[in-house]
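One structure is given below, encoded as structure tokens.
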Amino acid sequence: MAHRILLILTSHTELGSTGSKTGSWLEELAQPYYAFKEAGCDVAMASIKGGAAPLDPMSLGEGWISLVGQRFMDDAEAQAALANTKAIKDVAASDFDACFVVGGVGGAWDFPGNATLLAFLDGLAARSAIIGAVCHGAVALADVKTPEGLALVRGRNVTSVSNAEEIAVGFDKIVPILPEEALKRACGYYSAAPPFAAHVVQSDFVFTGQNPASALPLAQAMLRKLGASA
């Protein structure tokens, strides 16, 4: 039977008070989407609110979009899935073997402290199902608890978008929470590569990636853990 993997996306569209738009980062969605599908996995998408999940316009621009990202934008099946995501409240953790929390600055607003998202992630953690998260998506893990009531990332090696990367692009003055700081407050052992270099960390069933360059190797690491072809 094919492994079932849920891609979790932000529903947040406003980049703070800048007047600009945000959402999920295309590369951090497209890379795992195709890695999982081409390994024979059954891939579904959910977002915080459901329906059409926004993509960060910057991630679609020249210099940012990759061939894989363009493939996703030209793929009718992928676009239909993105336009019709399930609300996270309507999906059950028991239906999935793993999840991948997609990055994008929007997640800094609607991932932290979201009760339904936490319930889903807590459900996966309770049975040690694989949890992956990349870049800003890793902030979703900071409040997840083990069945014993401890922070899931406590004592685990983890990564996310780094403070240095946030500063480099000016997001440190915009986002309501810095993922690196959130993971450290939850007593995770945080590490990072130099800004914008790929960096993936595994701690048992918890997998995290630092940035867009980390999205594909993160998905491949998860596939190896699942025993699927990467």
Side-chain angles (χ1 to χ4, degrees), residues 2-16 18-112 114-121 123-124 131-140 175 209 211-212 215-216 218-219 222-223:
H3 295 293
R4 298 206 67 209
I5 303 179
L6 184 68
L7 299 175
I8 301 174
L9 299 94
T10 180
S11 293
H12 190 83
T13 61
E14 301 298 324
L15 187 60
T18 65
S20 297
K21 296 296 183 181
T22 189
S24 295
W25 194 261
L26 175 59
E27 191 76 1
E28 296 169 353
L29 169 61
Q31 292 284 3
Y33 176 80
Y34 288 115
F36 294 145
K37 286 186 74 70
E38 289 169 3
C41 299
D42 182 359
V43 181
M45 293 187 200
S47 61
I48 297 301
K49 294 180 179 178
L55 294 176
D56 190 314
M58 185 182 295
S59 70
L60 309 181
E62 186 177 350
W64 293 106
I65 192 168
S66 69
L67 291 175
V68 174
Q70 192 60 59
R71 175 187 177 188
F72 186 92
M73 296 304 294
D74 295 337
D75 184 331
E77 181 180 347
Q79 291 298 302
L82 185 64
N84 297 279
T85 66
K86 289 189 175 182
I88 193 67
K89 67 179 179 64
D90 295 327
V91 294
S94 58
D95 289 339
F96 294 92
D97 301 298
C99 79
F100 187 107
V101 187
V102 176
V105 189
W109 277 271
D110 63 355
F111 287 166
N114 184 286
T116 50
L117 176 58
L118 283 175
F120 180 87
L121 295 173
L124 288 183
I131 297 173
V134 68
C135 202
H136 288 88
V139 76
V175 296
N211 47 33
L216 177 57
L218 174 59
M222 293 171 62
L223 285 167

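Everything numeric in this text was worked out from a predicted model, so none of it was measured. Values reported hereafter were calculated over all heavy atoms of this structure, with side chains retained and with hydrogens, waters and symmetry mates removed.
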From [X] [atom1] over to [Y] [atom2], what is the distance, rounded to the nearest 0.5 angstrom?
X      : Y      : atom1 : atom2 : result
Leu26  : Phe72  : CG    : CZ    : 7.0 Å
Leu6   : Ile8   : CG    : CD1   : 5.0 Å
Lys21  : Leu55  : NZ    : CG    : 14.0 Å
Leu218 : Cys135 : CG    : SG    : 11.0 Å
Leu82  : Leu29  : CG    : CG    : 6.5 Å
Asp42  : Lys37  : CG    : NZ    : 7.5 Å

**OP:** In sequence, state the C-alpha distance, the side-chain angles, and the governing distance for Arg4 and Asp95, and then conclude on side chain to side chain contact (heavy atoms under 4.5 Å, CB included).
**Re:** CA-CA 7 Å; Arg4 298 206 67 209; Asp95 289 339; 3.8 Å; yes

Original post:
What residue among Leu121, Leu118, Val101 forms side-chain contact (heavy atoms from CB on, under 4.5 Å) with Phe111?
Top reply: Val101

Original post:
Among Leu117, Thr13, Thr10, whose side-chain contact (heavy atoms from CB on, under 4.5 Å) with Asp110 holds?
Top reply: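 Exactly one candidate clears the test, Thr10.
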
Subject >> Worked check of side chain to side chain contact (heavy atoms under 4.5 Å, CB included) between Lys86 and Met45 >> reply: CA-CA 7 Å; Lys86 289 189 175 182; Met45 293 187 200; over 6 Å; no

I'd like to know if the side chain of [X] and the backbone of [Y] have a donor-acceptor N/O pair within less than 3.5 Å.
X      : Y     : value
Thr85  : Gly51 : yes
His3   : Ile5  : no
Thr116 : Lys89 : no
Thr22  : Leu15 : no

Closest heavy-atom pair and its distance - [X], [Y]:
X      : Y      : result
Phe96  : Ala44  : CE2-CB, 4.0 Å
Leu7   : Pro32  : CD2-CB, 4.4 Å
Pro212 : Glu27  : O-CG, 4.1 Å
Phe120 : Cys99  : CE2-CB, 4.0 Å
His136 : Gly104 : CB-O, 3.3 Å
Phe100 : Val134 : CE2-CG1, 3.7 Å

Original post:
Are Asp75 and Tyr33 close enough that a side-chain donor and a side-chain acceptor fall under 3.5 Å?
Top reply: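 Asp75 vs Tyr33: no donor-acceptor pair found between side chains.
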
Subject >> Residues Val105, Trp25; criterion side chain to side chain contact (heavy atoms under 4.5 Å, CB included); working and verdict >> reply: CA-CA 8 Å; Val105 189; Trp25 194 261; 5.7 Å; no

